[in-house]
2 protein chains.
Amino acid sequence: MNDIKDFFAASGCKMTKQRKAILEILMDSRTCLSAEEIFIKAKNINPNICLTTVYRTIELLASYRMLNKIDIGDNKYRYEINSNTHYHHIICMGCKKMFKVQGCPVPDFESSIRAQTKFKIIGHRLEVYGYCPECQGTV
Amino acid sequence: MNDIKDFFAASGCKMTKQRKAILEILMDSRTCLSAEEIFIKAKNINPNICLTTVYRTIELLASYRMLNKIDIGDNKYRYEINSNTHYHHIICMGCKKMFKVQGCPVPDFESSIRAQTKFKIIGHRLEVYGYCPECQGTV
DNA sequence: CTCTATCTGCAAATTGTTTGCATTTACATT
DNA sequence: AATGTAAATGCAAACAATTTGCAGATAGAG
């Protein structure tokens, strides 16, 4: 909660009711949320918030690297707080549930990329797909 | 070219002018293409093709695992032929150009994922972000 | 308390993608 | 080669996610 106040103070952006609500929702959520889902939750806190504000706040938070934007291939993005612990998601192709997995193999790969491309590497995105234990029988 | 005929024969789908054009375009393209870009190229071959057909053909080809669907975070997908060689992309955050990089660190990671989640792993998506040599100075 | 830049809500515009339906076409069969 | 039919196409319209323009509201510095 003080995190939230601190973030806005540090960023120089105004801490409005709407922004506070959205950031709270994202911080409290164990799963990642679509803009629509954030909007619905935010309405419980502040009934006349609008979707536009959700999108604008997402963009704001993302510009401060507070959020990760996640794509699972269904034409809409989902968002989650960019915690400092690094992890990736595994997504069930049956029921579409996502789970975090700890660890990351990418750093070991980066020197190879640098050698191949001379890029300055900033980050990466990795998602793994498969079937969760419950869906393995049914598909 | 015979690849194309063979693919349609094997799949049992009809080989129409439109589908042939789209598959040719994807096979000849060194970069991945959005639906719109495929559509524009396809018009040069068959002027009265429509976007709907492009989308439907993309979906068809993807269902036969002929295509990879790529998301670079700008609200639209891009597609490329799923060659049997496995690689990933590095994307320049400056000029948005993409390059292939050979190799993949994910298989080494899979046993850890299996241990954590009991998932049956089918595939993965990995993109690396950074700045290309030309953009490193300018940003 | 006041002032002003910043932020919000609303409605409408955009953009990417999908769907319904009448017409056309590929191609198996004669 | 001609025919019949399921499958594919084009068009227009529907959808869904996201973005934009603008007038009014608000946070927070002074």
Side-chain angles (χ1 to χ4, degrees), chain A residues 4-25 32-64 66-79 96, chain B residues 4-25 32-64 66-79 96:
Chain A
I4 294 179
K5 203 169 281 182
D6 291 348
F7 164 72
F8 285 110
S11 72
C13 302
K14 291 183 179 172
M15 182 174 70
T16 64
K17 293 188 278 303
Q18 294 87 333
R19 286 175 176 178
K20 188 159 156 291
I22 291 168
L23 190 44
E24 256 169 35
I25 288 163
C32 51
L33 300 171
S34 66
E36 183 78 25
E37 288 166 338
I38 296 168
F39 172 59
I40 290 167
K41 283 173 187 285
K43 277 198 123 146
N44 292 332
I45 305 177
N46 183 341
N48 63 333
I49 195 171
C50 75
L51 241 190
T52 306
T53 297
V54 173
Y55 278 109
R56 285 195 273 228
T57 303
I58 286 169
E59 191 182 15
L60 177 83
L61 295 173
S63 77
Y64 286 96
M66 291 287 285
L67 294 188
N68 298 327
K69 191 177 186 182
I70 295 164
D71 168 69
I72 65 171
D74 65 347
N75 298 342
K76 73 180 152 199
Y77 292 108
R78 288 170 179 73
Y79 305 88
K96 312 288 180 196
Chain B
I4 294 179
K5 203 169 281 183
D6 291 347
F7 164 71
F8 284 110
S11 73
C13 301
K14 292 183 180 172
M15 180 173 72
T16 65
K17 293 190 278 303
Q18 295 86 334
R19 286 174 175 179
K20 189 159 157 289
I22 291 167
L23 190 45
E24 254 168 35
I25 287 163
C32 52
L33 300 170
S34 66
E36 183 78 25
E37 288 166 336
I38 295 169
F39 172 59
I40 290 167
K41 284 174 189 282
K43 276 198 123 147
N44 292 332
I45 303 178
N46 183 343
N48 64 331
I49 197 171
C50 76
L51 240 190
T52 305
T53 297
V54 172
Y55 277 108
R56 285 196 273 229
T57 302
I58 286 168
E59 192 182 14
L60 177 81
L61 295 173
S63 77
Y64 286 96
M66 290 286 286
L67 295 187
N68 297 326
K69 191 176 183 183
I70 296 164
D71 169 70
I72 65 171
D74 65 348
N75 299 344
K76 74 179 148 198
Y77 293 106
R78 287 170 180 74
Y79 304 88
K96 312 289 181 195

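Order of the sequence lines fixes the chain letters, A, B, ..., with proteins taken first and strands second; residue numbering starts at 1 for each chain. Quick note: numbers below take in every heavy atom, side chains included, and nothing from hydrogens, waters or symmetry partners.
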- Note on the structure: Applying side-chain hydrogen bond (donor to acceptor under 3.5 Å, both in side chains) to A:S11 and not counting sequence neighbours gives none
- Between protein and nucleotides 10-22 of chain D, map the contacts as a letter string: B base, S sugar-phosphate only, - none, heavy atoms under 4.0 Å, written 5' to 3'. BBB----SBBBB-
- Message: Quick one: does any side-chain atom of A:K76 pair with a main-chain N or O of A:S34 as donor and acceptor, under 3.5 Å?
- Response: no
When you compare the protein's N or O atoms with those of nucleotides 27-30 of chain C, which come within less than 3.5 Å of each other, and at what distance?
unit_1	atom_1	unit_2	atom_2	d
C:dC27	OP1	B:M15	N	3.0

- Query: the helix from C:dC1-D:dG30 to C:dT30-D:dA1: angle between its terminal axes, five pairs each, to 10°?
  - Reply: 30°
- For B:R56, which residues count as a salt bridge (Lys or Arg N to Asp or Glu O under 4.0 Å) partner, sequence neighbours excluded? none
Distance from [X] atom [atom1] to [Y] atom [atom2], nearest 0.5 Å?
X: B:F39; Y: B:I25; atom1: CZ; atom2: CD1; value: 11.0 Å
X: B:T57; Y: B:Q18; atom1: OG1; atom2: CD; value: 7.5 Å
X: A:M15; Y: A:D6; atom1: CE; atom2: CG; value: 9.5 Å

- Under 4.0 Å between a side-chain N or O of B:R19 and OP1 or OP2 of D:dT9? yes
- Which atom names give the shortest non-hydrogen contact between A:K14 and A:F8, and what distance separates them? O-CD2, 3.8 Å
N/O donor-acceptor pairs under 3.5 Å from side chains in residues 47-54 of chain A, not counting sequence neighbours:
none

- Query: Can you list the steps and then say if B:E24 with B:K20 is a salt bridge (charged side-chain N to carboxylate O under 4.0 Å, His left out)?
  - Reply: CA-CA 6 Å; B:E24 254 168 35; B:K20 189 159 157 289; 3.5 Å; yes
